[in-house]
2 protein chains.
Amino acid sequence: MKLEKITTRRPAKKSPPSARSYDDACGAAHALDLIGERWALLVMRELMFGPKRFSDLRAGLPGISANVLTQRLERLEEIGALSRRKLPPPAASHVYELTPWGHEIEPVLGVLGRWAARSPLHDPTLPLSAASLMLSFKTMFDAKRAKGFKARVGFRIGEESFLVRIGDGECDAARGACDDAEVVFAGAATAIAAAVYGGVPLKALEAQGALTVEGDRARAERFTSLFPLPPKM
Amino acid sequence: MKLEKITTRRPAKKSPPSARSYDDACGAAHALDLIGERWALLVMRELMFGPKRFSDLRAGLPGISANVLTQRLERLEEIGALSRRKLPPPAASHVYELTPWGHEIEPVLGVLGRWAARSPLHDPTLPLSAASLMLSFKTMFDAKRAKGFKARVGFRIGEESFLVRIGDGECDAARGACDDAEVVFAGAATAIAAAVYGGVPLKALEAQGALTVEGDRARAERFTSLFPLPPKM
DNA sequence: CCGGATCCCGGGCGATACTG
DNA sequence: CAGTATCGCCCGGGATCCGG
């Protein structure tokens, strides 16, 4: 029996509440101080292929609320991971762009993604942003499977278009026109992921209208085989 | 003027509150669903060199509270990143140990640490756990600087001891006896970090009693030069 | 309509006290 | 020593509001 809960109210306000830091010299701990808050790393992911506006970011991050996105952008700017620019006159709008250092977060996305892909809980059928899909190509590319293969593959996903260049055991992806691509995929990112990672035949996806493939069909088929998922743990 | 705020109280309880998931097929997003909660990755860091008990973990994670540590351990076990074992009879205690898949988180700690070390906000003089220090050696090792150098370097930090083996452009660290080491550092992790990363001379640290160096002094000096910090961004 | 700002609310997280 | 219980704060989610 509690006798007389003596709430001597001393909320203990130290110096500051130390602003929620790990106070740890370990580099990984400091990284979490910088970008460990919810959504922060995913905001950077969305910016990996170039600047975006506030609403473009929201579109690629279903579930984030406007206030949280605002806070994350402020924090990322404050630490020097991104910069906020004003667009030239007619568009009275802002864009957010990673700094060179901010862009160096890419390997983190790669190793995190490869690690998590081995989890039995990973569900590759969930929605996917265009930036995530392009990053996954760079991450999961298997040079051995691409032996002797050289291609420029275009992607049209919503308003965005990307060009993936494969050759010499390398795989690079960048935002850009598909004009000089030998084959172009057009459709939702999820549909393309179904072809590449889910093993769904291109013809099936085209039949249901989820995807269109224009150009060199053989290259398209070959392309879908270059990104093996790691074995489940 | 607000007329009659019609609080039609519908707290909107969807199906579940969906348990705070990103619902994103991106591998990195799923990784954050798994280990994105506060402290989770640092708990794994403390276990990188072998099993530990509850209080050992608390010691290496100053600031974590018992209930949060309990929750993180439960979650990490649930996802298959660690296992909880009961120690043989006399010690009626538990230890926590990473699974092989859990141990594969190491590259994440490496790339995160390298990235954050370039931040101007990084303060290498903060406290540091022994596990963090050993990981930093594996992360920051510069093979070129170690050309032609071969050594077994022991560390005694509190109750723990580690052996770092350097040779053939490789640097490996493991928990273990220092018996066959050519040189042994004994002291707090922070003092050793001051020598290796802060450029503080060994003699100075020994003079103030922060550190002792036994054995091959030349190897000790050379060792401290092998781990250059990356340039600030 | 875009790019946020403001408010409310619930739950994650931190601190402390307590228990086997 | 190894957790469990409790409580309060503040972060994060959702809706609404507002200036250009």
- Message: Is the distance from the ring center of A/F137 to that of A/F155 below 6.0 Å?
- Response: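 Yes: the rings meet the under 6.0 Å criterion.
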
- Item | Heavy-atom side-chain contact between A/L163 and A/D180 under 4.5 Å |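 Yes, side chains in contact.
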
- A/S129 and A/E46 side chains, donor-acceptor separation under 3.5 Å: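 The criterion, which ignores hydrogens and geometry beyond distance, is satisfied for A/S129 and A/E46.
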
- Looking just at side-chain N and O atoms, do B/R45 and B/S132 make a donor-acceptor pair shorter than 3.5 Å?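 The answer is yes; a qualifying pair exists.
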
Please determine whether a side-chain nitrogen or oxygen atom of [X] lies at a distance below 4.0 Å from atom OP1 or OP2 of [N].
| X | N | value |
| --- | --- | --- |
| A/H94 | C/dG4 | yes |
| B/W39 | C/dG14 | yes |
| A/R38 | D/dG13 | yes |
| B/Y22 | D/dG12 | no |

- Residues in contact with DNA chain C, drawn from residues 61-77 of chain B - heavy-atom cutoff 4.0 Å: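 Output list: B/G63, B/S65, B/N67, B/V68, B/R72.
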
- Residue-level proximity of residues 40-52 of chain A to DNA chain C when a heavy atom falls under 4.0 Å: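 Of all residues in residues 40-52 of chain A, none places a heavy atom under 4.0 Å from DNA chain C.
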
- Item | Between P of D/dC1 and CD of B/E159, the distance in whole Å |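 These atoms are roughly 11 Å apart.
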
- Message: Test your reading of the model: is there a side-chain donor-acceptor pair from A/H122 to the backbone of B/A25, 3.5 Å cut-off?
- Response: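 Yes.
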
- Task: Remember a base hit wins even if backbone is also touched, and classify A/R58 as base, sugar-phosphate or nothing at under 4.0 Å, heavy atoms.
- Result: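 Answer is nothing: A/R58 stays at 4.0 Å or more from every strand.
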
- Message: On the six-membered ring of A/F54, is A/R84 placed so that its NZ or CZ lies under 6.0 angstrom from the centre and within 45° of the ring axis?
- Response: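 No, A/R84 does not sit over the ring of A/F54.
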
- Message: Cation-pi check for A/F162 against A/R156: NZ or CZ below 6.0 Å from the six-membered ring centre and within 45 degrees of the axis, yes or no?
- Response: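 No, A/R156 and A/F162 do not form such a contact.
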
- Take atom CZ of A/R75 as the centre, draw a 6.0 Å sphere, and report whether it contains more than 12 heavy atoms from other residues, nucleotides or ligands.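 Above 12, so yes.
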
